[in-house]
Chemist: 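Have a look at this one.
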2 protein chains.
Amino acid sequence: MEKTDHIIALISNIRDKSNKLIVNELKKASILDLAPSHGSILQLLFSTKESLSMQDISIKINRDKSTVTSLINKLIKLRYVEKVKNADDNRVSIITLTEKGWQLKPIFDAVSQKLLDSIYRGFDNDQKKEVVDVLVKINSNL
Amino acid sequence: MEKTDHIIALISNIRDKSNKLIVNELKKASILDLAPSHGSILQLLFSTKESLSMQDISIKINRDKSTVTSLINKLIKLRYVEKVKNADDNRVSIITLTEKGWQLKPIFDAVSQKLLDSIYRGFDNDQKKEVVDVLVKINSNL
DNA sequence: ACAAAATAGTTTGATATCAAACTAAAAAGG
DNA sequence: CCTTTTTAGTTTGATATCAAACTATTTTGT
């Protein structure tokens, strides 16, 4: 390659293609009404022992709190999660997975694995570490 | 670093922060009604000698043709571009910059430069090439 | 030469997203 | 205590985005 100015376009394209792969794989698993951001929330819930508030989720998935409200509303409507008020502080809502939500875990694990396999095709472990390190650096530069 | 599984989140964050930086810099230049995608179109037009159809733009900026219709409609309303039908093939529309559109070039050039300076802070030329190469590889893996 | 297929672009409808204004509850501070 | 400020979350309004259906041209195949 010659120029290095199209890095933003590259990153944008990678993100778009990753999201399309996720949506596509979910479709294959007959999950038609969830977007990648819903997946981010679910995987956060799968992997977090402590209880998570709306704000926790907002910070962790890097989305505005009002966006999280609407994402969670959808997950509630689909009965994947539940929302209960924190007794100690009534401003805070705690989000928990339902049984139906937990059933999605293997599907999302498989989708994640498929995406990582695609992205890292032809990379050994050191190369993976290198690319993540450099992306961490860019991320902290911004 | 430990894990390399959060690469998608990293890429997503970098994209979001880049877009925020762009919107912010445009705001400083009193440009309040353009999103990064409008900037992609304008910069494509700045840098392309040949005439560009709606489809050309759709392919180059990697957005659905219907998205391009609405992005171009906004640019037309703001008088930054014009749309004329191709005489040889009446299905095709050709998009050209107006005088007012060309006036945005220095602003967008400066914004791009600022973004690249941020992203690449602490990188030498070889490191820039390396990261672009690896992103190109990931992009083609998807 | 004409019917069928392909192509370029628009319209329509749905949704994720953000920012700003708002509501309600808790904390701070005099 | 009681007022002020901060904090958590929702509502509202705007917009970029996509996919699917549609319209209008051009191309193709027989």
Side-chain angles (χ1 to χ4, degrees), chain A residues 12-13 15-24 26-27 31-42 51-78 81-95, chain B residues 9 12-13 15-24 26-27 31-42 51-78 81-96:
Chain A
S12 233
N13 286 347
R15 198 202 76 128
D16 289 343
K17 286 185 185 175
S18 296
N19 279 349
K20 257 169 216 165
L21 186 150
I22 291 169
V23 170
N24 237 4
L26 290 178
K27 197 174 292 179
I31 298 174
L32 302 169
D33 31 23
L34 295 187
S37 287
H38 299 112
S40 300
I41 292 177
L42 291 170
S51 61
L52 289 170
S53 67
M54 296 292 281
Q55 183 172 222
D56 293 333
I57 293 170
S58 172
I59 292 167
K60 290 283 181 61
I61 73 165
N62 245 302
R63 292 283 167 267
D64 190 85
K65 54 190 182 162
S66 63
T67 302
V68 173
T69 296
S70 102
L71 293 169
I72 289 291
N73 281 344
K74 182 165 193 174
L75 291 175
I76 291 171
K77 198 162 75 179
L78 295 169
V81 305
E82 284 171 339
K83 180 164 61 177
V84 290
K85 289 226 164 180
N86 181 347
D88 294 344
D89 183 341
N90 265 278
R91 293 170 303 178
V92 176
S93 289
I94 299 301
I95 308 302
Chain B
S12 234
N13 286 348
R15 199 203 75 129
D16 289 344
K17 286 184 185 175
S18 295
N19 280 349
K20 254 168 218 164
L21 186 151
I22 292 169
V23 170
N24 238 4
L26 291 177
K27 198 174 291 178
I31 297 174
L32 303 170
D33 31 22
L34 296 187
S37 288
H38 299 112
S40 300
I41 292 178
L42 291 170
S51 61
L52 289 170
S53 67
M54 296 292 280
Q55 184 173 221
D56 293 333
I57 293 170
S58 172
I59 292 167
K60 290 283 181 61
I61 73 164
N62 246 303
R63 291 283 168 268
D64 190 84
K65 54 190 182 163
S66 62
T67 302
V68 172
T69 296
S70 102
L71 293 169
I72 289 291
N73 281 345
K74 182 165 194 176
L75 291 174
I76 291 171
K77 197 161 78 181
L78 296 169
V81 306
E82 284 170 340
K83 180 164 62 176
V84 290
K85 289 226 164 181
N86 180 348
D88 295 343
D89 184 340
N90 264 278
R91 292 171 304 181
V92 176
S93 289
I94 300 300
I95 308 302
T96 52

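Hydrogens, waters and symmetry mates play no part in the numbers below; they use all other heavy atoms, side chains included. The chains referred to below are lettered A, B, ... by the order of the sequence lines, with proteins before strands, and numbering in each begins at 1. Just so it is clear, the model here is predicted, and its values are computed rather than measured.
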Chemist: Could you check how far NZ of Lys85(A) sits from P of dT10(D), rounded to whole Å?
Modeler: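 So the two atoms are 8 Å apart, to the nearest Å.
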Chemist: Under 4.0 Å from OP1 or OP2 of dT10(D): is there any side-chain N or O of Lys83(A) that close?
Modeler: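 Yes, within the criterion.
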Chemist: Touch check for Ser93(B), heavy atoms < 4.0 angstrom, all strands: base, sugar-phosphate only, or nothing?
Modeler: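 Sugar-phosphate only.
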Chemist: Can you check the Ile41(B) CD1 to dT15(D) P distance for me, whole Å?
Modeler: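 For the pair Ile41(B) CD1 and dT15(D) P, the rounded distance is 16 Å.
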Chemist: Under 4.0 Å between a side-chain N or O of Thr69(A) and OP1 or OP2 of dT10(D)?
Modeler: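 Answer is yes, contact under 4.0 Å.
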Chemist: Select base, sugar-phosphate, or nothing to describe what Thr67(A) touches, counting heavy atoms under 4.0 Å on all strands.
Modeler: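 Thr67(A): base contact, heavy atoms under 4.0 Å.
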Chemist: Starting at atom CG of Asp88(B), determine the distance to atom P of dT26(D), rounded to an integer number of angstrom.
Modeler: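 Atom CG in Asp88(B) sits about 10 Å away from atom P in dT26(D).
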Chemist: Phosphate oxygens OP1/OP2 of dT17(C): is one of them under 4.0 Å from a side-chain N or O of Ser37(A)?
Modeler: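 So the side-chain polar atoms of Ser37(A) do come within 4.0 Å of the phosphate oxygens OP1 or OP2 of dT17(C), strictly under.
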Chemist: Scan Asp89(B) against the nucleic acid and name what it touches under 4.0 Å (heavy atoms): base, sugar-phosphate only, or nothing.
Modeler: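 Sugar-phosphate: the residue Asp89(B), judged by heavy atoms under 4.0 Å, touches backbone atoms but no base.
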Chemist: Are the side chains of Leu78(B) and Leu34(B) in touch, meaning some heavy atoms are under 4.5 Å apart?
Modeler: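 Contact flag for Leu78(B)/Leu34(B) side chains = yes.
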Chemist: So does Arg91(B) reach the base of dT7(C) with its side chain, donor to acceptor, closer than 3.5 Å?
Modeler: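 Checked by distance alone, the answer is yes.
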Chemist: Could you state the atom-to-atom distance from CG of Asn62(A) to C1' of dC18(C) in whole Å?
Modeler: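 Computing the Asn62(A):CG to dC18(C):C1' distance gives 13 Å.
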Chemist: Asp33(A) and Lys74(A): side-chain contact (heavy atoms from CB on, under 4.5 Å), yes or no, with the steps?
Modeler: CA-CA 9 Å; Asp33(A) 31 23; Lys74(A) 182 165 193 174; 4.1 Å; yes
Chemist: Looking only at N and O atoms, is any donor in the side chain of Ser53(A) or the base of dA8(D) less than 3.5 Å from an acceptor on the other one?
Modeler: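 A donor-acceptor contact between them is absent.
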Chemist: Want to settle it: does Lys27(A) or Val68(A) sit nearer the 5' end of DNA chain D, counting the closest nucleotide to each?
Modeler: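 By nearest-heavy-atom nucleotide position, the 5'-most residue is Val68(A).
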Chemist: Tell me: CG of Asp56(A) to P of dT7(D), nearest whole Å?
Modeler: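 That distance rounds to 15 Å.
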Chemist: Figure out the NZ/C1' separation between Lys74(B) and dA14(D), and round it to whole Å.
Modeler: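 Rounded to the whole Å, the gap is 9 Å.
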Chemist: What is the nucleic acid contact for Ser70(B), judged by heavy atoms within less than 4.0 Å: base, sugar-phosphate only, or nothing?
Modeler: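 The residue Ser70(B) makes base contact.
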Chemist: What's the closest nucleotide to the side chain of Gln55(B) if the choices are dA16(D), dA8(C), dA26(C)?
Modeler: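 Of dA16(D), dA8(C), dA26(C), dA8(C) is nearest to the side chain of Gln55(B).
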Chemist: Measure across Lys27(B) and Leu32(B) and return the closest heavy-atom pair with its distance rounded to 0.1 Å.
Modeler: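 Smallest interatomic distance, heavy atoms only, reads CG-CD2, 3.5 Å.
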Chemist: Given 3.5 Å as the limit, does a donor-acceptor pair link the side chain of Lys83(B) with the main chain of Met54(B), or not?
Modeler: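 No; judged by distance alone, with no hydrogens or angles, the pair does not exist.
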Chemist: Looking at Ser58(A) and Arg63(A), would you say the former's side chain and the latter's main chain have a donor-acceptor pair under 3.5 Å?
Modeler: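 A pair under 3.5 Å: yes.
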Chemist: Closest-nucleotide mapping onto DNA chain C: is Asp64(B) or His38(A) further toward the 5' terminus? I mean the 5' end.
Modeler: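 First, find each residue's nearest nucleotide; the 5'-ward one identifies Asp64(B).
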Chemist: Distance check: side-chain N/O of Arg63(B) vs OP1/OP2 of dC18(D), anything under 4.0 Å?
Modeler: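 Result: yes.
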Chemist: Would you say Ser70(B)'s side chain and Ser66(B)'s backbone share a donor-acceptor pair under 3.5 angstrom?
Modeler: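 Not at all, since once roles are kept as given, no pair shorter than 3.5 Å links the two residues.
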Chemist: What is the distance, to the nearest angstrom, from the NZ atom on Lys65(B) to the C1' atom on dT7(C)?
Modeler: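 Spelled out: NZ on Lys65(B) to C1' on dT7(C) is 8 Å.
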Chemist: Given atom CG of Leu34(A) and atom P of dA14(C), what is their separation to the nearest angstrom?
Modeler: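 My rounded result for the distance is 18 Å.
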